[in-house]
Amino acid sequence: MNRVRLGYACINLSLGSSGRTSRTSRLSNATPQHLEELSRANLVGLSEVLRWSVSHKIMVFRISSGIIPLASHPKAQWAWKQRLRREISSVGNFARKHGMRLSMHPGQYTVLNSPREDVVAAAAAELSYHAIFLDAMGLSSEHKIVLHVGGVYDDREASLRRFRENFENLPANIQRRLVLENDERNYGVYDVLNLCDSLGIPMVFDYLHHRAYASCGLNSAVMERVFQTWSGHDGRPELHYSTQKLGARTGAHADMIDADDFLHFISLLPRRAVDVMLEAKAKDKALLKLRLDLRGRYGLW
DNA sequence: TCTGGTCAAGGTGGT
DNA sequence: ACCACCTTGACCAGA
């Protein structure tokens with residue numbers, strides 16, 4: 001068994017159009033029929049991507065939040081869970097059969113700690129869609145929904161308190177999947193660690209965000225704490241890793257992964273099985289290249 | 001068939 | 001007060 005498994009996010013660049021999973025629609029022409037067609041096509045694409053991944057021994061993948069377009073939008077509601085039950089379940093069966101580790105990651109508009117009630121309600125609806133989708137795939141609580149803490153609103157303590165309160169009000173099927181990730185501006189690794197400890201949920205450590213956040217360096221003690229937030233029913237700790245794009249804004253993802261830098265990072269981790277989600281622009285191609293660069297040198301792959 | 005403007009959505013920081 | 005940026009396509013109207 002590999003101690004370090006690599007994954008990639010949302011898009012497969014090796015498959016052509018057959019691997020598309022995020023066809024979407026403008027709200028203006030989002031009829032239930034149209035959304036259903038798009039969703040079905042996306043699910044076929046997802047099935048292709050998972051098959052491709054398994055055949056390339058890639059067992060970790062992030063499903064695009066766009067798999068069911070506009071799923072949580074109040075003006076575009078339809079019975080996607082009922083109408084696509086068989087298709088979603090079938091894709092899930094394939095993933096389970098092959099022991100894949102899947103996750104999802106709602107975008108920057110999902111803000112659970114907003115002072116605005118309507119924003120919190122929309123965030124809860126979006127998280128609910130993610131949880132229902134993973135539930136419908138028949139996946140255990142090891143398959144996570146990754147979220148950022150949200151805004152600061154000139155008052156960190158109040159904003160963190162609001163996050164805790166709103167988290168406690170979420171239904172259990174969301175709570176059991178929710179994990180929090182450090183961001184590059186608002187909430188750094190210690191903020192998120194403390195919050196995760198108080199909520200009893202895991203933390204996803206993002207390497208590039210941590211570097212962008214500045215202030216503190218990286219050491220084994222921090223990573224030990226991060227790993228401790230993951231208990232048995234959460235599965236392996238999940239980490240996000242990407243290389244800084246040279247000459248671009250701090251935090252911008254490079255196309256590929258720097259293998260030496262990656263190995264240095266891995267050397268700081270506790271000796272425990274881990275899943276590393278690569279957030280490189282070249283997606284699966286960056287993963288294959290990294291694996292090639294590392295092969296034989298360290299016996300990881 | 002190609003291209004450029006636009007798209008559900010929030011928060012932050014610069015002007 | 002307003003706008004660009006974040007992630008990032010993908011859609012769509014018009015050429």
Side-chain angles (χ1 to χ4, degrees), chain A residues 8-13 15-32 34-35 37-39 41-42 45-46 49 62-78 80 103-130 145-156 158-160 162-163 166 181-188 191 204 206-209 211-214 240-245 248-255 277-286:
Chain A
Y8 65 109
C10 302
I11 293 168
N12 182 298
L13 297 178
L15 286 166
S17 56
S18 65
R20 287 176 65 204
T21 64
S22 57
R23 293 168 188 81
T24 186
S25 159
R26 302 282 169 89
L27 196 51
S28 58
N29 48 12
T31 63
H34 185 47
L35 292 172
E37 284 167 20
L38 294 170
S39 299
N42 286 344
L46 179 61
V49 169
R62 178 191 303 161
I63 299 171
S64 166
S65 294
I67 186 83
I68 309 291
L70 304 176
S72 73
H73 198 287
K75 291 181 181 147
Q77 288 307 293
W78 58 291
W80 61 267
S103 61
M104 298 182 82
H105 189 2
Q108 76 253 51
Y109 299 108
T110 304
V111 185
L112 192 58
N113 78 338
S114 174
R116 285 173 50 187
E117 246 178 66
D118 58 327
V119 173
V120 175
E126 180 72 356
L127 292 173
S128 177
Y129 144 58
H130 284 74
I145 300 168
V146 182
L147 189 69
H148 290 291
V149 180
V152 175
Y153 314 95
D154 293 322
D155 189 342
R156 311 177 69 72
S159 300
L160 285 163
R162 222 168 25 244
F163 188 96
N166 294 340
E181 176 186 347
N182 57 305
D183 63 65
E184 61 184 51
R185 173 170 294 169
N186 297 335
Y187 296 98
D191 298 317
V204 167
D206 186 295
Y207 172 81
L208 195 63
H209 288 162
R211 286 185 41 162
Y213 194 82
H240 291 179
Y241 186 91
S242 49
T243 295
Q244 170 69 41
K245 184 180 175 74
R249 144 200 96 75
T250 301
H253 300 301
D255 290 351
M277 178 66 66
L278 301 177
E279 295 181 320
K281 301 263 280 184
K283 303 291 178 181
D284 51 306
K285 298 196 174 194

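Both backbone and side-chain heavy atoms feed into the values below; hydrogens, waters and symmetry mates do not. Quick note on labels: first sequence line is chain A, next is B, and so on, each numbered from 1.
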Phosphate-side-chain proximity, A:Arg249 and C:dC5, N/O vs OP1/OP2 below 4.0 Å: no

Pairing partner (Watson-Crick or G-U wobble, both distances under 3.5 angstrom) of B:dG14: C:dC2

C:dC11 pairs with, by Watson-Crick or G-U criteria that keep both distances under 3.5 Å: B:dG5

Starting from [atom2] on [N], measure out to [atom1] on [X] and report it in whole angstrom.
X: A:Asp118; N: B:dG10; atom1: CG; atom2: P; value: 7 Å
X: A:Leu127; N: B:dA8; atom1: CG; atom2: P; value: 21 Å
X: A:Ile67; N: C:dT8; atom1: CD1; atom2: P; value: 17 Å
X: A:Asp206; N: C:dT7; atom1: CG; atom2: P; value: 11 Å
X: A:His105; N: C:dT7; atom1: NE2; atom2: P; value: 11 Å
X: A:Asn29; N: C:dC12; atom1: CG; atom2: C1'; value: 8 Å
X: A:Tyr129; N: B:dA9; atom1: OH; atom2: C1'; value: 14 Å
X: A:Arg156; N: B:dG11; atom1: CZ; atom2: P; value: 16 Å

Aromatic stack A:Tyr109/B:dA9: centroid gap under 5.5 Å, interplanar angle under 30°: yes

When you measure from the side chain of [X], which nucleotide among [options] comes out closest?
X: A:Lys283; options: B:dG10, C:dT8, B:dG5; result: C:dT8
X: A:Tyr153; options: B:dG11, C:dG9, C:dT7; result: B:dG11
X: A:Arg23; options: B:dG10, B:dA8, C:dC11; result: C:dC11
X: A:Ser22; options: C:dT8, B:dA8, C:dA10; result: C:dA10
X: A:Gln108; options: C:dT7, B:dA8, B:dG11; result: C:dT7

Sugar-phosphate, base or nothing in reach of A:Leu70, heavy atoms under 4.0 Å: base

Sugar-phosphate only, base, or nothing, as touched by A:Gly107 at under 4.0 Å among non-hydrogen atoms: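 Contact class for A:Gly107: none.
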
How far does the [atom1] atom of [N] sit from the matching atom of [M], given to the nearest Å?
N: C:dA10; M: B:dG11; atom1: P; value: 26 Å
N: B:dT6; M: C:dA4; atom1: P; value: 12 Å
N: B:dG5; M: C:dT8; atom1: P; value: 23 Å
N: B:dA8; M: C:dA13; atom1: P; value: 12 Å

Test: A:Arg62 and A:Glu279 ion pair at under 4.0 Å: yes

Sidechain N-carboxylate O distance under 4.0 Å for A:Arg185, A:Asp183: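 So A:Arg185 does not pair with A:Asp183 through a salt bridge.
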
Would you find a donor on one side and an acceptor on the other, under 3.5 Å apart, between the side chain of [X] and the backbone of [Y]?
X: A:Tyr129; Y: A:Leu70; answer: no
X: A:His148; Y: A:Glu181; answer: yes
X: A:His105; Y: A:Val146; answer: yes
X: A:Asn182; Y: A:Asp206; answer: yes

